[in-house]
**Student:** 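A single structure is presented below for examination.
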Amino acid sequence: MTERQDREGGSSELDPTERARLDSWRAAEPPEGFAGRVVGEWLAERRGADGDTTSRPEEIPRRRKPYLAIGLSLAASLAAVGLGLGLVTMRGEQAPAEWYAARSDTHGAVSPVPPSPGPARRYALGEGAAAARPMPAPAQAAPARDGRTADLDELIGGALGHAGPSTAVPQPPGSPPVEAPAPNREGYADWGVREQIDTATDPISTFGVDVDTGSYSLVRRKILEGQPVPPAAVRVEEFLNYFSYSYAPPLDERPFAVHFEAAPSPFAPGRDLLRVALKARVVPPAARKKVHLVFLVDVSGSMDSPDKLPLAQRSLRILTENLRPGDTVALVTYAGSTRVVLEPTGVEDRRRILAAIDELTAGGSTAMGSGIELAYQLAIRRVRADAVSRVVVLSDGDANVGNTSHDAILATIQGHVHEGVTLSTVGFGTGNYQDTLMEQLADRGNGNYSYIDSLAQARRVFEEQLSGTLEVVAQDVKVQVEFDPRAVRTYRLIGYENRFIADRDFSNDRVDSGDVGAGHAVTALYEIQRAPSAQSLGTVRIRAKQPGGSISVEHVYPFPIEALRSSFASASADFRLAAAVMGLAEILRRSPYAAGVRLEAVRELAQSAASSGDRDRQEFLELVDTLARRPAADAESPPGRR
């Protein structure tokens with residue numbers, strides 16, 4: 001017996017079974033997780049700092065107790081995880097809403113998955129009726145509803161790594177610390193809420209048009225996931241403009257037809273809602289201009305999630321499949337550095353384009369600024385008077401390398417707008433999503449901002465609405481409403497807070513505004529206080545430039561008296577739907593004017609305007625129902641819920 005054996009009471013005898021067990025433990029790779037780190041550290045200690053893995057049979061009897069401790073630790077860990085999973089399953093029926101699991105059939109229709117008691121499900125990313133895949137844990141947990149639920153949230157959050165009331169993960173005594181889940185780093189800008197204005201003081205309201213829809217689809221995802229909705233994520237105009245309305249396009253050469261309607265407000269007694277809507281000229285797909293697209297794809301590590309880069313690739317495939325001969329595609333990626341993956345390639349070589357899209361992988365940091373510069377360099381080379389040249393950014397907006405400040409990235413594209421290249425943005429993911437940057441990039445780039453949360457939404461943007469997404473029919477479109485102070489005492493434009501234009505700049509062609517694509521509709525709602533004897537409420541003026549033009553043309557439209565309804569019930573279905581959508585947006589953004597708005601009233605209005613053949617309107621009803629099912633004690637319940 002050695003001196004060490006004598007001191008520790010060990011023995012040099014080792015039977016074959018014990019020797020085999022020791023050899024297998026020393027050769028094995030440790031499992032993942034905190035238990036794996038415990039085992040790994042123990043194996044490293046046994047192997048020695050110098051890498052010696054020589055067997056020491058004499059140590060076996062002394063090490064049996066550590067083996068037992070490690071086994072107990074592993075068993076306890078597995079039991080905790082199993083308990084957490086069981087609680088998730090039990091809690092599935094109590095969740096605010098089943099995760100919106102939509103399957104896309106061969107026609108692109110959305111069909112909700114029947115509720116199940118299991119964990120929430122996420123959108124299916126595959127074609128056909130493939131089953132939805134499990135959604136990773138949201139970065140923000142639903143607020144606790146009572147003391148018991150708070151305890152369950154903490155235990156489930158600890159077992160599965162969710163961000164719950166406590167981010168500490170239960171561990172056996174003596175085990176290494178575990179990193180807390182990454183905090184929610186989403187970015188939103190609070191543009192405030194427009195106030196009521198006295199027409200005797202200021203009868204003119206001026207704003208730039210907006211055809212973005214990203215706010216609605218982003219907020220929809222959060223509601224159907226059961227996550228709280230950040231009030232700053234809600235932009236009323238993007239809610240309104242998400243939906244299709246039966247506005248007729250212009251019959252003459254004008255770029256727009258204007259549609260008016262007004263009726264007593266269903267939410268504020270003594271006030272009226274006034275709608276000003278624009279419908280752009282429709283361009284048949286076969287008649288649209290050729291397009292030269294540069295896909296700028298974020299392949300940084302933050303995009304390594306099923307609802308980010310893989311969904312972006314599927315979206316690009318849909319877009320590519322719907323292009324026609326004469327169109328070209330280029331592909332640029334950015335992570336820690338930028339590179340041209342595909343030089344401008346004619347859509348006739350579709351197989352090569354799709355192969356380049358399929359080969360993208362995520363990893364590294366995010367150098368968005370340099371990526372935009374490189375994409376513009378490619379796009380500018382393809383500028384033609386008879387074609388559209390556009391950069392399409394697909395990202396979560398998280399920029400952390402190089403020219404990363406919000407203002408610096410926006411300034412990068414400012415000088416390129418007048419060179420004939422537009423820029424659109426398509427957002428993906430949650431947890432670190434930078435809504436402000438993505439929306440503002442599209443705003444400065446004279447393009448559209450969309451958020452993709454499912455394959456069905458990708459088809460909506462890149463297949464069903466492709467002509468409007470690609471073909472611009474009017475640029476720098478501004479709207480000015482001049483109210484008659486004798487007919488309207490006060491007014492408030494609902495939304496468009498970040499589209500403010502000074503009245504004096506309405507005719508200033510150097511002041512930029514939004515662009516409108518073929519067939520796009522723009523809806524704006526005013527809340528007004530009408531004089532009892534009011535007849536014509538005022539006049540609407542619209543200024544717009546021809547695509548590629550530098551001088552705007554003004555069109556004047558007086559408000560027709562026949563568009564004034566005596567009751568809300570007599571208003572059109574489109575008007576009632578717009579009122580319902582506006583009401584929900586006011587609730588969600590916690591507007592001070594939402595005190596008289598109730599979810600029950602919103603649902604009733606939406607139901608009166610719903611059509612069984614309009615999946616967007618039916619989905620809106622489901623969205624309102626989902627919010628209504630949230631517990632009344634929910635700390636995040638918005639004003640006007642009950």
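As the structure is a prediction and not an experimental result, all values here were calculated from the model.
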**Student:** Would you call Leu354 and Glu321 a side-chain contact if the rule is heavy atoms closer than 4.5 Å?
**Tutor:** yes
**Student:** Any side-chain heavy-atom pair from Val421 and Arg390 closer than 4.5 angstrom?
**Tutor:**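 Side-chain contact under 4.5 Å: no.
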**Student:** I'd like to know if Lys308 and Asp298 make a salt bridge, using a cut-off of under 4.0 Å between side-chain N and carboxylate O.
**Tutor:**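 No salt bridge links Lys308 with Asp298.
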**Student:** Is the count of non-hydrogen atoms from other residues, nucleotides or ligands lying under 6.0 Å from Glu554 atom CD greater than 12?
**Tutor:**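 Atom CD in Glu554 is packed in, count exceeds 12.
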**Student:** Does the pair Arg510/Asp505 count as a salt bridge with the N-to-O cut at 4.0 Å?
**Tutor:** no
**Student:** How are the rings of His555 and Tyr557 set to each other: parallel, tilted or perpendicular (split at 30° and 60°)?
**Tutor:** tilted
**Student:** Taking the side chain as every heavy atom from C-beta outward, state whether Glu186 and Lys222 have any atom pair closer than 4.5 Å.
**Tutor:** yes
**Student:** Is the ring pair Tyr451/Tyr433 parallel, tilted or perpendicular, if the boundaries are 30 and 60 degrees?
**Tutor:**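 Ring orientation of Tyr451 relative to Tyr433: perpendicular.
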**Student:** Check Arg220 with Glu619, please: is the shortest side-chain N to carboxylate O separation under 4.0 Å?
**Tutor:** yes
**Student:** Which pair of heavy atoms, one from Arg235 and one from Asn498, lies closest together, and at what distance?
**Tutor:** CD-ND2, 4.3 Å
**Student:** Mind checking whether Tyr216 and Phe243 have parallel, tilted or perpendicular rings, split at 30° and 60°?
**Tutor:**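 Because their plane-to-plane angle is over 60°, the rings of Tyr216 and Phe243 count as perpendicular.
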**Student:** Under 4.0 Å between a side-chain nitrogen and a carboxylate oxygen: does that hold for Arg324 and Glu348?
**Tutor:**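 Salt bridge between Arg324 and Glu348, a charged N being under 4.0 Å from a carboxylate O: no.
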